[in-house]
Each structure stands twice: as structure tokens, then as C-alpha cells.
Amino acid sequence: MATRPASTRTAASPGRPRLVKPRRHGDTARDEILDAAAELFTRHGYTGTSTRMIADAVGVRQASLYHYFKTKDDILAALLATTVDPSVEQARQLLASEGEPGQRLLELARYDLTQLAEARWNLGALYLLPEVADDRFAEFRAARQELAAAYEALATDALGDPADTRGLLPFRLVESVIMMRSDETRGELGAHTVTGLVDTIVGAIEMLVAQPRR
């Protein structure tokens, strides 16, 4: 699994007393902070969200939030890691396993799509934040590139031609679910739901790698 920033591996500590009873999703105060930050970042943007806003949404003092995350950057890094680390681990296992590459590609795509489609918040939208291009988020970008390379390797094996540029497409088709979630939130996906389109996207990838090159 990709190594996460040190701040995401810090053991939970008691922190300061809450201002109110827990009101966020999560088994720990740290999880609740991430849940609140995820909602605020996806709704108001990174620069439009302060640590005070996050603390207020959780119901803790701002000083207590710093008990778990030293900076707002650390919170964003932890959220980004949750979107990619599980899929990178899955990709590593599939690359090392036996079996037809096309089927392993579809298994990875379904796993990744499910993670992106069923997450409580559309955290994939954070990929578009300009801050993510900064050096402090290089670890996340490296993990995402590793995932993209795994998709390409499996797709290329399935296609049987390293020069076939269709090998670049499965990863991008999977990440299209991020924009679809935004469309669904705005009511612009019609009668469809993102979770209902997972099978359709997997099917599109299957057809993509099964068709002979023209």
C-alpha cells in the first residue's frame, strides 16, 4: 500500500473535550474531522474552508483539531490518500496474481469504481484543486500515477500490443465517475445514478479491450 503522509498515520489521542456530542460520521474523532473536512472541501473548496469551520462542524475546539492534524494540508493529504491507497493496494495484488489480464483489469476497475461511487463525499473532485499540484501533495500524485500505470499495464496485456493507445483509456473511464457524481449532485444526470452506472462503465472497458484494433 502507498505510504501515507506522516500526519495520516499519527495515532489517535484523547484531545480536548468536545463542545457538543459527536455529530459526524466516523468511529473516532479523527474520522469525524475527516468527514467534516470532506464535506466542506467538496462544497466550499479548499481555500474557502478554514480549520475553524471544520472544528465547528465536528463540534470540537479548534485546538483539539490540531491534536490530530497539524495543518489543513495534512487533512487534505489524508483525504486524498483515502481515495487512492486502497485501489493501489488492489492493483498491486492483481498485477502479481495469475489470470487473464482482461479479467484482472475489469476486477480492478469495478473495485476502483465502487470506491469512488459509494464514498460518502465525492472526494475525487479534490483532484482538481490547484493546491494538489504543490510539492506537499507529491506523494498522492505518485500513488495516483502508480494506479494509472497498473491500469495501462493490464490493458496493454489484454490488448496484446504495447503501441495500442487504447491502453490509456480504462483509467480515465473509471475516473469519469467523479464528474458524473458532480452531475448527479446538481440533478444533471437525468434518471441515472452513479452507482447504477458502475456496470455500464465496466462493460465499456470490457468492450474496449476486446475489440480488435482498426
Side-chain angles (χ1 to χ4, degrees), residues 1-88 112-144 147 175-189 193-195:
M1 180 184 248
T3 302
R4 299 191 182 189
S7 60
T8 68
R9 302 193 302 270
T10 302
S13 52
R16 297 175 183 267
R18 295 175 181 276
L19 299 177
V20 297
K21 292 181 179 180
R23 57 174 180 252
R24 304 296 312 191
H25 281 240
D27 296 329
T28 66
R30 182 182 183 279
D31 291 339
E32 293 169 22
I33 291 168
L34 289 175
D35 181 68
E39 178 180 12
L40 292 169
F41 287 166
T42 53
R43 288 188 176 181
H44 304 295
Y46 183 69
T47 57
T49 300
S50 66
T51 54
R52 180 174 293 279
M53 291 169 63
I54 297 171
D56 288 346
V58 178
V60 299
R61 296 181 176 88
Q62 193 172 11
S64 184
L65 183 147
Y66 292 129
H67 220 64
Y68 299 92
F69 299 97
K70 293 181 179 179
T71 68
K72 191 169 68 167
D73 282 356
D74 290 339
I75 299 174
L76 178 56
L79 288 172
L80 290 170
T82 66
T83 71
V84 72
D85 283 359
S87 294
V88 167
D112 205 6
L113 281 163
T114 301
Q115 295 287 312
L116 291 170
E118 295 184 358
R120 178 166 159 78
W121 307 107
N122 187 17
L123 293 179
L126 301 179
Y127 297 176
L128 303 178
L129 291 173
E131 291 81 8
V132 174
D134 294 346
D135 288 344
R136 59 190 185 272
F137 301 111
E139 189 172 345
F140 158 72
R141 296 199 309 277
R144 182 171 173 268
L147 181 59
E175 288 204 340
S176 70
V177 78
I178 296 168
M179 292 304 299
M180 290 183 188
R181 281 198 64 168
S182 296
D183 289 343
E184 183 180 5
T185 299
R186 295 190 296 265
E188 297 172 0
L189 202 60
T193 65
V194 168
T195 54

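Distance check, rounded to the nearest 0.5 Å: NZ of K72 to CE of M53 gives 9.0 Å. Between the CZ atom of F41 and the CG atom of L129 there is a distance of 8.5 Å, given to the nearest 0.5 Å. The OG1 atom of T49 sits 10.0 Å away from the CD atom of E39 when rounded to the nearest 0.5 Å. Distance check: E32 CD to L34 CG gives 10.0 Å after rounding to the nearest 0.5 Å. Between atom CG of residue D35 and atom CD1 of residue I54 there is a gap of 11.0 Å, rounded to the nearest 0.5 Å. Atoms CG and CD1, from D74 and I33 in turn, are 11.5 Å apart once rounded to the nearest 0.5 Å.
Looking at every heavy atom in both residues, A119 comes nearest to R181 through O-NH1, 2.9 Å. Closest heavy-atom contact between V88 and A143: CG2-O, 3.4 Å. In this structure, L123 and A38 approach most closely via the heavy-atom pair CD2-CB, 3.5 Å. Nearest heavy atoms, A57 versus L40: CB-CD1, 4.2 Å. Considering every non-hydrogen atom in both T193 and L189, the closest pair reads C-CD2, 4.1 Å. The heavy-atom pair separating A55 from L65 by the smallest distance is N-CD1, 3.8 Å.
Not a single donor-acceptor pair under 3.5 Å links the side chain of R136 to the backbone N or O of A77. In this structure, R141 contributes its side chain and D134 its backbone to a donor-acceptor pair below 3.5 Å. A donor-acceptor contact shorter than 3.5 Å links the side chain of Y46 to the backbone of D73. Judged by distance alone, the side chain of T82 and the main-chain N or O of L79 form a donor-acceptor pair under 3.5 Å.
Within the 4.5 Å cutoff, the side chain of L128 has no heavy atoms near those of the I178 side chain. Contact annotation: the side chain of F140 approaches that of T83 to within less than 4.5 Å [non-hydrogen atoms, C-beta and beyond]. Inter-residue side-chain proximity for T42 and T185 is flagged as unmet; no heavy-atom pair is nearer than 4.5 Å. In this structure the side chain of V194 never reaches within 4.5 angstrom of the side chain of N122, judged on heavy atoms. The side-chain heavy atoms of E131 and T47, taken from C-beta on, include a pair separated by under 4.5 Å.
Listed by chain and residue number, nothing satisfies the side-chain hydrogen bond (donor to acceptor under 3.5 Å, both in side chains) test with E184 (two or more places apart in sequence, or in another chain).
Between Y68 and T28, the side chains place no donor N or O within less than 3.5 Å of an acceptor N or O (distance only, hydrogens not considered).
Between R144 and E175 there is a salt bridge, since at least one side-chain N of the basic residue sits less than 4.0 Å from a carboxylate O of the acidic one.
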